[in-house]
Structure formats: C-alpha cells, structure tokens
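Take a look at the structure below.
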Amino acid sequence: MAVPRGGSGRTTSVRGSLVRGESASRTSASGKKRRREPLPPPEPVADPQAPRAVIDYALQRRSDIRRFHRGGVLSSDFCDADPYLVKAATFHGEATDEDCPACHSVNLVTLNYVYGDELGPYSGRIRETENLPSLAHRFGDIGVYVVEVCPDCHWNYLLRTYRIGDGTVRRALSTPADLRELD
C-alpha cells in the first residue's frame, strides 16, 4: 500500500500496522491482575469417542472424481498437495484399501488433523486413528479433519470432518518452554 508523504508527492510503502488492544499478560492497564473468565458448563455427551457433527464429503468427492476423469477439470485442481502435506503423508499416513482416484497408485493414505482451543500449541497436529479415543476422553471438544493424500501424484481431498470429546471445556494446554523461546 502506498501512502503519500509530505508535500513532495513521494510515496512510501507501509510495511505493517500497529494493532492496539489487550496484551497477552494477565494484568490490565491499571496494573491489577485480571480474573480468568469462568468456563462454560459442560455439554452433555453420551459417548466422547462417538463422532458428532459429522460432515462427509463423499458425494462431492464422487462428483469431482467423475468430472476429473471426464476432463471437466484440470489435474492441477486436485493434484496440488502442499509439499508438507505430501511429506506428512509419506511418513505419517495410514494406508487405505482404495487406490488413488487420479493415478491409481496403491499408496493412497489418510491423515487425521486435530484442532481445538484446548489443545493449545498442539492444535493442528496429525494423530493416528488409534489415538483419537484417548484424546476424546482427555479433552472436551476436538475437531478432526480426515484428508486423503497420494504421495505419488499429490492428489489430496478432504474426506470428512467431525467433533469428538467429553463435552467438558478445559483451559488450553500451556506452551512448553522450548516452544516459548521461538515466539
């Protein structure tokens, strides 16, 4: 963004903006310690491991694969996985029984990404399917995103999203000391 400077008509570029608001510390502007807000009441959940609020993209996927094979879309529309996603699929992916819909490779894998405020700095990490039940009992609300990836042709597709957890809201996990040094 160019901003006029002075009367000479020269412009300078603005590299950032200063946002004023609450600081991350627990003290207010008056120097008093702020109180933590109370946590909301627990949500009634019958089975923490049972997926709820499931959004399945199977119909959209089937339609997209049909268009892909009929030439209605470019291969770059679906075979454009981020290099980090491909690397994660190579080392952490869980094998599937299906072949890749784009290149028919047998290396198609799925990844489970978990997100949630309670996870703190661990939100956005990959978890194995067998570890999800233990997470569901330790946290109140976790979003799980299941993505399929082909490391060979870089096909990637979001298969489904769902929520797990016991419904009891907890405070976020604290950031470990070694990660705090990076901030």
Side-chain angles (χ1 to χ4, degrees), residues 43 45-183:
E43 174 188 338
V45 174
D47 182 11
Q49 298 177 37
R52 55 188 188 275
V54 177
I55 301 173
D56 194 347
Y57 298 97
L59 291 175
Q60 181 66 41
R61 178 182 180 269
R62 191 175 334 156
S63 171
D64 288 339
I65 291 171
R66 190 172 295 127
R67 283 187 351 194
F68 178 77
H69 287 295
R70 289 184 182 162
V73 292
L74 299 173
S75 64
S76 61
D77 290 339
F78 298 107
C79 299
D80 64 346
D82 183 79
Y84 291 113
L85 181 61
V86 174
K87 189 177 250 187
T90 303
F91 294 104
H92 303 289
E94 298 176 18
T96 64
D97 295 336
E98 296 182 33
D99 292 344
C100 174
C103 71
H104 305 290
S105 168
V106 295
N107 295 330
L108 188 68
V109 297
T110 59
L111 297 167
N112 298 309
Y113 284 91
V114 294
Y115 292 91
D117 292 336
E118 298 173 28
L119 297 172
Y122 303 104
S123 181
R125 303 251 176 124
I126 299 171
R127 297 290 180 187
E128 293 178 3
T129 304
E130 64 188 30
N131 294 339
L132 294 178
S134 68
L135 286 176
H137 288 284
R138 290 184 12 225
F139 297 101
D141 187 37
I142 298 173
V144 180
Y145 292 73
V146 182
V147 180
E148 71 177 1
V149 181
C150 176
D152 297 336
C153 71
H154 297 196
W155 165 272
N156 64 101
Y157 207 91
L158 177 64
L159 296 177
R160 73 188 139 283
T161 64
Y162 59 91
R163 317 276 319 158
I164 57 173
D166 63 7
T168 304
V169 180
R170 296 167 180 85
R171 303 222 183 268
L173 295 174
S174 62
T175 305
D178 57 343
L179 289 180
R180 267 186 258 140
E181 293 172 2
L182 298 175
D183 288 337

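Keep in mind it's a predicted model, so treat the numbers as computed, not measured. Side chains included, hydrogens not; waters and symmetry mates left out as well; all remaining heavy atoms used.
- The distance from the CG atom of N112 to the CG atom of L132 is 5.0 Å, given to the nearest 0.5 Å.
- Taking both residues in full, the closest heavy atoms of P101 and I65 are given as CB-CD1, 3.5 Å, listed atom of the first, atom of the second, then distance.
- Qualifying side chain to side chain donor-acceptor pair (under 3.5 Å) partners for D152, counting only residues two or more places apart in sequence or in other chains: S105, N107.
- The shortest heavy-atom contact between I164 and P51 is CG2-CA, 4.2 Å.
- With sequence neighbours left out, D47 forms a side chain to side chain contact (heavy atoms under 4.5 Å, CB included) with Q49, A50.
- Residues G116 and S123 come closest through the heavy atom pair N-OG, 3.1 Å.
- The ring pair (Phe, Tyr, Trp, His ring centres under 6.0 Å) test applied to H137 returns no partner, not counting sequence neighbours.
- Summarising the geometry, atom OH belonging to Y57 is positioned 10.5 Å from atom CG belonging to L159; distances are rounded to the nearest 0.5 Å.
- Two residues are said to be in side-chain contact when any heavy atoms from C-beta on lie closer than 4.5 Å; Y122 and V114 fail this criterion.
- Screening residues 139-149 for side chain to side chain donor-acceptor pair (under 3.5 Å) gives R61-E148, D141-R163, E148-W155 as the qualifying pairs, with residues at least two apart or on separate chains.
- The side chain to side chain contact (heavy atoms under 4.5 Å, CB included) test applied to V106 returns D99, not counting sequence neighbours.
- Considering only residues two or more places apart in sequence or on other chains, H92 meets the side chain to side chain donor-acceptor pair (under 3.5 Å) condition with none of them.
- Taking CD1 of I142 as the start and CG of D117 as the end, the distance is 11.0 Å to the nearest 0.5 Å.
- In terms of modelled atom types and a separation under 3.5 Å, the side chain of S134 and the main chain of N131 share a donor-acceptor contact.
- In this structure the side chain of V144 never reaches within 4.5 angstrom of the side chain of T161, judged on heavy atoms.
- A81 is linked by a side chain to side chain contact (heavy atoms under 4.5 Å, CB included) to L85, V86, H154, N156, counting only residues two or more places apart in sequence or in another chain.
- Between E94 and V109, the closest side-chain pair of non-hydrogen atoms is not below 4.5 Å.
- Qualifying side chain to side chain donor-acceptor pair (under 3.5 Å) partners for D64, counting only residues two or more places apart in sequence or in other chains: Q60, Y157.
- Inter-residue side-chain proximity for L108 and V149 is flagged as unmet; no heavy-atom pair is nearer than 4.5 Å.
- Nearest approach of Y113 to A88, heavy atoms of both residues: OH-CB, 4.0 Å.
- Scored by the side chain to side chain donor-acceptor pair (under 3.5 Å) test, T90 finds no partners at all (sequence neighbours excluded).
- One distance of note links CZ of F68 with OG of S63; it measures 13.5 Å at 0.5 Å rounding.
- Legend: residues meeting side chain to side chain contact (heavy atoms under 4.5 Å, CB included) with E130, ordered by chain and number and at least two apart, are E128.
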